[in-house]
A.B. asks: 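What follows is a structure written as C-alpha cells; I'll ask about it next.
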Number of protein chains: 2
Amino acid sequence: MSHVLISYLKKISGLSPESEEALFSLIESQSIPKNQDLQHIGQTCKTLYFLKSGLARIYYFHDGSDVTEGFYEPFCLIARAESLFGGLPSKKAIQVLEDSEVWSISTQGLFALYDAHRDIERLFMRLFERAYVQTIQRIENLQFHTAEERYRLLAHEQSEVLRRAPLKFIASYLGITQVSLSRIRAKKD
Amino acid sequence: MSHVLISYLKKISGLSPESEEALFSLIESQSIPKNQDLQHIGQTCKTLYFLKSGLARIYYFHDGSDVTEGFYEPFCLIARAESLFGGLPSKKAIQVLEDSEVWSISTQGLFALYDAHRDIERLFMRLFERAYVQTIQRIENLQFHTAEERYRLLAHEQSEVLRRAPLKFIASYLGITQVSLSRIRAKKD
DNA sequence: AATTCCACTTATCAAATGTTAAATTAATCT
DNA sequence: AGATTAATTTAACATTTGATAAGTGGAATT
C-alpha cells in the first residue's frame with residue numbers, strides 16, 4: 001500500500017501493516033470548489049480533514065463580522081476540536097479558499113479503530129498534541145506582539161497564505177482590521 | 001482507596017482498581033510557599049501538577065517583561081505542554097501565588113503506565129483535550145474582544161483570580177498594561 | 001509612630017489601531 | 001474590449017492603548 005497521506009502520517013507515529021490497512025479503508029477523497037464550505041456552522045464535528053491540495057480556513061462570526069481562526073495548508077489536520085471533544089455543534093465552519101482536494105476521515109469510524117489499533121489512537125493523539133502546541137504558540141503571539149510583528153510572523157510561517165488568501169481573511173486572523181493591515185503592508189515590502 | 005485527586009479524575013474518565021492503584025503510587029504531595037517557582041524557566045517539563053489548594057500561574061519573559069500565560073486553580077492540570085510534547089526546555093515557569101499544596105506526577109512514570117493501563121492513557125488524553133479546548137477558546141477571546149471585554153470574561157470565568165492575583169499579572173494575562181487595566185477597573189464596578 | 005517598600009491609581013502625552021468614506025486597482029462577466 | 005463587481009489602498013478623524021511619571025494608600029519593618 002502506498003497512500004500519500006498514510007506515508008506522511010506514518011512518519012509522525014508508526015503504524016503496523018494491519019493498522020495502515022484499517023486506516024486506509026476510512027480515507028475518502030473529494031474535490032471541493034473554491035469558496036465552498038467543507039463543514040457548515042452549526043454542524044457537530046464528525047469528520048477530520050487533511051488537504052491534498054489547495055488552501056482552507058476555519059472561520060466564525062463575531063458580532064456579525066467574519067473572523068478567520070486559522071489557515072490550513074496541505075497535510076495539516078483540519079478539525080474543529082472544540083466541537084469534536086465537546087460533542088457540541090460548532091459555531092465555526094471550514095471553507096476552502098481555492099479549488100481543493102481533501103481527504104476525509106469519519107471520526108466515528110476512526111474512534112472505533114482505537115480499541116483494536118492502539119498505534120492509530122497514538123498517531124491521532126500526536127496529531128492533536130501538535131495542534132495543541134501550535135495553539136499555545138498562537139496565544140503567545142497574540143498576547144504580546146504588535147499587529148506588525150504578527151504579520152511578519154505569519155509571513156514567515158505561512159507565506160503562501162499571504163499570497164493566496166484575501167486580505168480581509170488575513171486581517172481578521174491577525175486580530176486587526178483590513179485597513180490596518182493595508183497600512184502595515186504599505187510601510188515597507 | 002480514596003485519594004481526593006483520583007476521585008476527581010475518575011469522574012473525567014473511568015479507571016480500573018488496578019489503574020487507580022498504579023496512578024496512586026505516582027502521586028506525590030508537597031507544600032510550596034508563596035511566590036516560589038514550582039518549575040523554573042529552562043527546565044524541560046517532566047512533571048505534571050495539580051493544585052490541591054492555592055493559586056498558580058505560568059509565566060515567561062517577553063522583551064524583558066513578565067507575561068502571565070495562564071492562571072490555575074485547584075484540580076486544574078498544570079503543565080507546560082509545548083515543552084512536554086516537544087521534549088525541549090521550556091521558556092516558561094510555573095509559580096504559586098499563595099502558599100499552596102500541590103500534587104505532582106512524574107511524566108516518565110506516567111507514560112510508563114500507558115502500555116499496561118490504557119484507561120490511564122485515555123484519562124490523560126482527556127485532560128489534554130480539555131486543556132486544548134480551553135486554549136482554543138482563549139484565542140477567540142484574545143482575537144476579537146476589547147481589553148474590557150476580556151477583563152469582564154475573566155471576572156466571569158476565574159473571579160477568584162481577580163481577588164487574589166496581583167494586578168500586574170492579570171494585566172499581562174489580558175495582553176494589556178497594568179495602567180490600562182487600572183483604567184478599565186475605574187470605569188465602573 | 002516614622003520609614004520604607006510595594007501595589008495600585010491618576011494624569012499627560014504619544015503611538016497604534018479603529019471607523020468611515022472615497023479613490024484606486026484587480027478580477028469577473030457579458 | 002467594455003462594463004460591472006469585488007478587492008485593496010489611501011485619507012481624515014476618533015478612540016483605544018502604551019509609556020512615562022507622579023501621586024496615593026496600605027502593609028511591613030524598624
Side-chain angles (χ1 to χ4, degrees), chain A residues 33-37 54-55 57 59 61-68 71 95-99 139-155 159-189, chain B residues 33-36 55 57 59 61-68 71 95-99 139-155 159-189:
Chain A
K34 177 171 176 169
N35 293 332
Q36 189 169 306
D37 276 0
L55 185 63
R57 67 172 185 135
Y59 71 96
F61 289 93
H62 175 76
D63 285 349
S65 61
D66 175 315
V67 177
T68 296
F71 293 103
Q95 180 191 38
V96 302
L97 303 182
E98 304 172 347
D99 291 344
I139 286 185
E140 285 176 49
N141 187 21
L142 281 171
Q143 201 174 359
F144 265 92
H145 286 83
T146 64
E148 185 168 347
E149 286 168 335
R150 300 199 295 272
Y151 175 76
R152 303 276 171 223
L153 191 67
L154 179 65
S159 56
E160 278 304 304
V161 169
L162 292 192
R163 273 189 284 282
R164 289 152 58 190
L167 193 75
K168 60 184 172 184
F169 295 165
I170 298 171
S172 72
Y173 173 76
L174 295 173
I176 57 179
T177 61
Q178 192 168 347
V179 175
S180 207
L181 175 54
S182 202
R183 273 190 290 234
I184 289 170
R185 270 186 162 171
K187 275 193 177 177
K188 185 189 67 168
D189 244 359
Chain B
K34 177 171 176 168
N35 293 332
Q36 188 168 307
L55 186 63
R57 67 171 185 136
Y59 71 97
F61 289 94
H62 175 75
D63 286 349
S65 63
D66 176 316
V67 178
T68 295
F71 293 105
Q95 180 191 38
V96 302
L97 303 183
E98 304 172 347
D99 292 344
I139 286 186
E140 284 176 50
N141 187 20
L142 281 170
Q143 201 174 0
F144 264 91
H145 286 83
T146 63
E148 184 168 348
E149 285 168 335
R150 300 199 295 272
Y151 175 76
R152 304 276 171 224
L153 191 67
L154 179 64
S159 56
E160 278 303 304
V161 168
L162 291 192
R163 274 191 284 282
R164 288 152 57 188
L167 193 74
K168 61 183 172 186
F169 295 164
I170 299 171
S172 72
Y173 173 77
L174 295 174
I176 56 178
T177 61
Q178 190 169 346
V179 175
S180 207
L181 176 53
S182 203
R183 273 191 290 233
I184 289 169
R185 271 188 163 170
K187 273 193 178 177
K188 184 188 67 166
D189 244 357

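In what follows, every chain begins at residue 1, and chains take the letters A, B, ... in the order their sequences are listed.
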A.B. asks: Are the side chain of A:H62 and the backbone N or O of A:V67 linked by a donor-acceptor pair below 3.5 Å?
C.D. replies: no
A.B. asks: I'd like the 5' and 3' limits of the part of DNA chain D contacted by chain B, with heavy-atom contacts below 4.0 Å.
C.D. replies: D:dT17 to D:dT20
A.B. asks: So, taking the atom named CD in A:E140 and the one named CG in A:L153, what distance separates them when rounded to the nearest 0.5 Å?
C.D. replies: 10.5 Å
A.B. asks: May I ask you to evaluate whether A:T177 reaches the phosphate of C:dT17, defined as a side-chain N or O under 4.0 Å from OP1 or OP2?
C.D. replies: no
A.B. asks: Rounded to whole angstroms, how far apart are OH on A:Y151 and P on C:dA16?
C.D. replies: 17 Å
A.B. asks: Would you say a side-chain N or O of B:S182 is under 4.0 Å from OP1 or OP2 of C:dT9?
C.D. replies: yes
A.B. asks: Identify the heavy atoms of B:L162 and B:R185 that sit nearest to each other, and give their distance.
C.D. replies: O-NH2, 3.7 Å
A.B. asks: To the nearest angstrom, how far is B:L162 atom CG from C:dC8 atom P?
C.D. replies: 12 Å
A.B. asks: B:I170 has an atom CD1; how far is it from atom P of C:dC8, in whole Å?
C.D. replies: 8 Å
A.B. asks: If you pin B:V179 and B:P166 to their nearest nucleotides in DNA chain C, which one's is more 5'?
C.D. replies: B:P166
A.B. asks: Working to the nearest 0.5 angstrom, can you tell me the gap between A:L55 CG and A:Q95 CD?
C.D. replies: 10.0 Å
A.B. asks: For A:E148, which contact category applies under a 4.0 Å heavy-atom criterion: base, sugar-phosphate, or nothing?
C.D. replies: nothing
A.B. asks: What is the distance from CD1 of A:I176 to P of C:dT17, rounded to the nearest Å?
C.D. replies: 7 Å
A.B. asks: Roughly how many Å is it from CG in A:L174 to P in C:dT17, rounded to a whole number?
C.D. replies: 11 Å
A.B. asks: In whole angstrom, what separates A:H62's NE2 from C:dG18's C1'?
C.D. replies: 14 Å
A.B. asks: Just list the side-chain donor-acceptor pairs under 3.5 Å for residues 163-181 of chain B, sequence neighbours left out, or say none.
C.D. replies:
{"unit_1": "B:R163", "atom_1": "NE", "unit_2": "B:E160", "atom_2": "OE2", "d": "3.4"}
{"unit_1": "B:R163", "atom_1": "NH2", "unit_2": "B:E160", "atom_2": "OE2", "d": "2.9"}
{"unit_1": "B:R164", "atom_1": "NE", "unit_2": "B:E98", "atom_2": "OE2", "d": "2.7"}
{"unit_1": "B:R164", "atom_1": "NH1", "unit_2": "B:E160", "atom_2": "OE1", "d": "2.9"}
{"unit_1": "B:R164", "atom_1": "NH2", "unit_2": "B:G54", "atom_2": "O", "d": "3.2"}
{"unit_1": "B:R164", "atom_1": "NH2", "unit_2": "B:E98", "atom_2": "OE1", "d": "3.0"}
{"unit_1": "B:S172", "atom_1": "OG", "unit_2": "B:T68", "atom_2": "N", "d": "2.8"}
{"unit_1": "B:S172", "atom_1": "OG", "unit_2": "B:F169", "atom_2": "O", "d": "3.3"}
{"unit_1": "B:T177", "atom_1": "OG1", "unit_2": "B:S180", "atom_2": "N", "d": "3.2"}

A.B. asks: Tell me the interatomic distance from A:I184, atom CD1, to C:dT17, atom C1', rounded to whole angstroms.
C.D. replies: 9 Å
A.B. asks: Please tell me which of A:F144 and A:L181 maps to the more 5' nucleotide of DNA chain D, matching each residue to the nucleotide holding its nearest heavy atom.
C.D. replies: A:L181
A.B. asks: When you measure from the side chain of A:D99 to the backbone of A:P33, do you find a donor-acceptor pair of N or O atoms at a distance under 3.5 Å?
C.D. replies: no
A.B. asks: Rounded to whole Å, how long is the line connecting atom CG of B:D66 with atom P of C:dA7?
C.D. replies: 11 Å
A.B. asks: Does B:R150 use its side chain to pair, donor to acceptor, with the backbone of B:H145 at less than 3.5 Å?
C.D. replies: yes
